[in-house]
Structures are given as structure tokens and as C-alpha cells.
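Right, one structure below, let's go through it.
All heavy atoms count here, side chains included; hydrogens, waters and symmetry mates do not. Order of the sequence lines sets the chain letters (A, B, ...), proteins ahead of strands, with each chain counted from 1.
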Amino acid sequence: MTKIHEISNILLGWYRLHKRELPWRDDRDPYKIWLSEIILQQTRVQQGLPYYWAFIHKFPTIKALASADLAEVYNLWQGLGYYSRANNLHKTAKIIASQYNGLFPHSYPDLLKLPGIGPYTAAAIASMAFGLKYPAMDGNFFRVVGRLFEVDEQSNSTTGKKLYHKLGELLLEGVDSADLNQAIMDFASARCTPTAPNCDSCPLISHCQAFLNGSVNKYPLKTIKNPKKVQYLYFFYTENKIWIRHRNKNTIWNNLFEFPNFISSDPIDISNKYLQVKLYEKDLLIELDGNPHYLKHHLTHITFHIYILKIFSNFAMDKLWKTNGFFVINPKDYKNYAFPKPLVDFITNHLYHV
DNA sequence: AAATCGTGGCC
DNA sequence: TGGCCAAGATT
């Protein structure tokens, strides 16, 4: 027990010297903390920072965010990934504006009920904004604690979560939970890194079980992941019209906009001038016009081979696409819609100059 | 409980 | 360069 307290004090001492200056740390404004936490879920600070400023600039208060159109929120989120976060951000803003008079609830269970706020984010807000003693258990926490105590449980298993939570509570005993939670994050990100941590100059060298046993690379325990899938994605565009469709299947890029396309698990032959494809369950004979463009897009669980095919525009296609839920937009208006990343690349490279 | 959801950076 | 990982949540 006293040893754990010693670890907390070392982390806090390190934090006082090396704390990162981040805009949501200037005060204890729960709106800023919440916004930053949602943006930073599975996202590095350097990647999220421009988005944080864009949101704060456009929506200085949670009521401003709540009264915005969902489309505006998606548009600001474009390029950040995990777009359900944008949807949940807007939902929670509306709930807090209407049911809580614009003020965040101060309890962990109430925070947990809000869309997009899970166990980690609820603990982060509860501790950083309201000083409550909840361990913020993110990837940083699991890495530092997993190594310090050689935790032989997966962080995503039921027993693992309980064990980590118990260790987190012990670390928070008798210290400022806002500071300690953030100290662990900054320490993990700067010093106790996933690969090649510089253990030789680590202030916790004599307390780290993994270092003492030479097992730093074993912790935190790795979770087994599924093999990556390969998919072939075929997009179509025409010279004078931009067709887009609102994705409403509950799959990747849900609620964003897309160009006419189909996905295949096998490559198809695009060397023919005429292409027989299935577009939303309707057979379509397409006459190609010009060479295809090719992109490769890597996701965590899928590798997309993307072919962009220019086709002739004619009345038959107009009719077919309209019946499949597509509609035409003016090229200069495309920025009003939120597209997945491969399509943003495509628009930038090929359509913006139309 | 395990699968799914994006994108960028790093080596 | 392909795999790993990042302030996880949801179903």
C-alpha cells in the first residue's frame, strides 16, 4: 500500500516538471474537457488538436453546439474517423442543453448515460472537471499499470478490467485524481511508450515489476486481432454531374455521403469498355470513358483497393441512380457534405477542378 | 463477449 | 511497407 502511494508521488513529481500545456487544461471547464476527450478517443493529440480548435471556435459553448445542424458537426469532423463520435457529440450536447440547462452532470453514473461517453471518458470528466476519484483507464493507463504490476490479464476482459480498476483506485488514494490521471497519460505518452521505452532513465525503475523481471515487452498483454480483410471498391463519376448518396446502411462511414459505387471481395475486370455491375441490387451496364484512377486505403481491419472509373453520362443512368437514392449536386457545393477520407482525396484530385 | 468502427504516424 | 498503435464506445 505504501509502495503504491510512493509510485503515485513519483508520477506526480514527474508531472509537475513535464506536464503538457493543452488548451483544455487551462481551466476545469467540463465542456472543453468533454470535447477533447471525445476527439482524442483512439486519436493522437497532434491529430486531434486542429479539430479541437475548430470546434471551440465554431461552438464556444455547449449550447451553441446543441443548436447546430448535425451536418455542420459532421463537416467539422471530416477526416478524423470514427464518425459515430460526431453523431454522439451532437446528441449529448442536445441532451445537456435541454435536460441539464447546459451544465454537465457531476456524477460518474450520470455521465456514463450520455451518448459517446463510456467508462474511460466518464472517469476522465469526473476526475478532471469535478475532482472525483475515478481512474481514467485508457491505453496509456493499461500500459503503465500493466508494466508496473505485471498484470497478467487482458485489459478488455471482465477480470482484467476489475483488476486494473482496483490498481487504479489504489493509485488514486490520497492524491489529486485529476493530476494523477493526467500524469499517467503524459508519462505514458512521453516515457512509458508502447515500443522502445527508455527504461534506463525511468524514475519508476525500482518499482516496475516488468523492468525488474525483464518483461517490459510482454506488457500490457496483447489482445488477439482478426486478420485484415481485402476489399475492392469501385466508384463511378461522370464529366458534368456529381452524384452523391447518403449512406444509411449500418456499416462503415454510416451517415456520410458517397459516390455511386459497389464493393467486391474479389477484383473485377475493368479492362473491358463495358462493365456489367450490380449497383444497389440493380444490374447496370456501364460504358467506361477514360482510364481508371487507383487508390489504396488502409483501415484497421480492411485494406481497400479503390478504382475510380469515369463513365459516360446519359439519361438511363440518371433514371437508374435516382431510383437508387442518389441525387445531383453542384461541384461547388460538395464542401457542404461530409465524405469519407478516400472520397475527399478523390474530390480534391479530380472533381474540385471540374 | 467479440466484432466493428477511421485515420495518421511511426519504424 | 505492412503492422502496430493511439485520451474507447457500442452492440
Fit a plane to each ring of A:F130 and A:H106, take the angle between them on a 0 to 90° scale, and name the class: parallel (under 30°), tilted (30 to 60°) or perpendicular (over 60°).
parallel
Quick one: does A:T300 reach the base of B:dT7 with a side-chain donor-acceptor pair under 3.5 Å?
yes
Regarding A:L22, tell me which of base, sugar-phosphate or nothing describes its non-hydrogen contacts under 4.0 Å with the strands shown.
base
Check: A:D269 side chain, A:L275 main-chain N or O, donor-acceptor pair, under 3.5 Å:
no
Pairs under 3.5 Å (N/O, protein and nucleotides 1-4 of chain B):
residue: B:dA1; atom: OP1; partner: A:T158; partner atom: OG1; Å: 3.0

Could you check whether A:H298 gets within reach of a base, just the sugar-phosphate, or nothing at all, counting any heavy atom under 4.0 Å?
base
Write out a two-atom table: protein N or O, nucleotide N or O from nucleotides 9-11 of chain C, distance below 3.5 Å.
residue: C:dA9; atom: OP1; partner: A:G118; partner atom: N; Å: 2.9
residue: C:dA9; atom: OP1; partner: A:G118; partner atom: O; Å: 3.3
residue: C:dA9; atom: OP1; partner: A:T121; partner atom: N; Å: 2.9
residue: C:dA9; atom: OP1; partner: A:T121; partner atom: OG1; Å: 2.7
residue: C:dA9; atom: OP2; partner: A:P119; partner atom: N; Å: 3.4
residue: C:dA9; atom: OP2; partner: A:Y120; partner atom: N; Å: 3.2
residue: C:dT10; atom: OP1; partner: A:G116; partner atom: N; Å: 2.3

Just how far, in rounded Å, is C1' of B:dG6 from CG of A:N255?
15 Å
Selection: residues 180-201 of chain A, any non-hydrogen atom under 4.0 Å of DNA chain C:
A:M185, A:P194
Determine whether more than 12 heavy atoms belonging to other residues, nucleotides or ligands lie under 6.0 Å from atom NZ of A:K229.
no
Just by distance, with hydrogens left out, do A:R85 and A:N88 show a side-chain donor and acceptor under 3.5 Å apart?
no
How are the rings of A:F236 and A:F262 set to each other: parallel, tilted or perpendicular (split at 30° and 60°)?
parallel
Centre-to-centre under 6.0 Å for A:F259 and A:F339, is that the case here?
yes
Can you tell me how the ring of A:W253 sits relative to the ring of A:H297, calling it parallel under 30°, perpendicular over 60° and tilted otherwise?
tilted
Please confirm whether any donor atom in the side chain of A:R143 sits under 3.5 Å from an acceptor in the base of C:dA6, or the reverse.
no
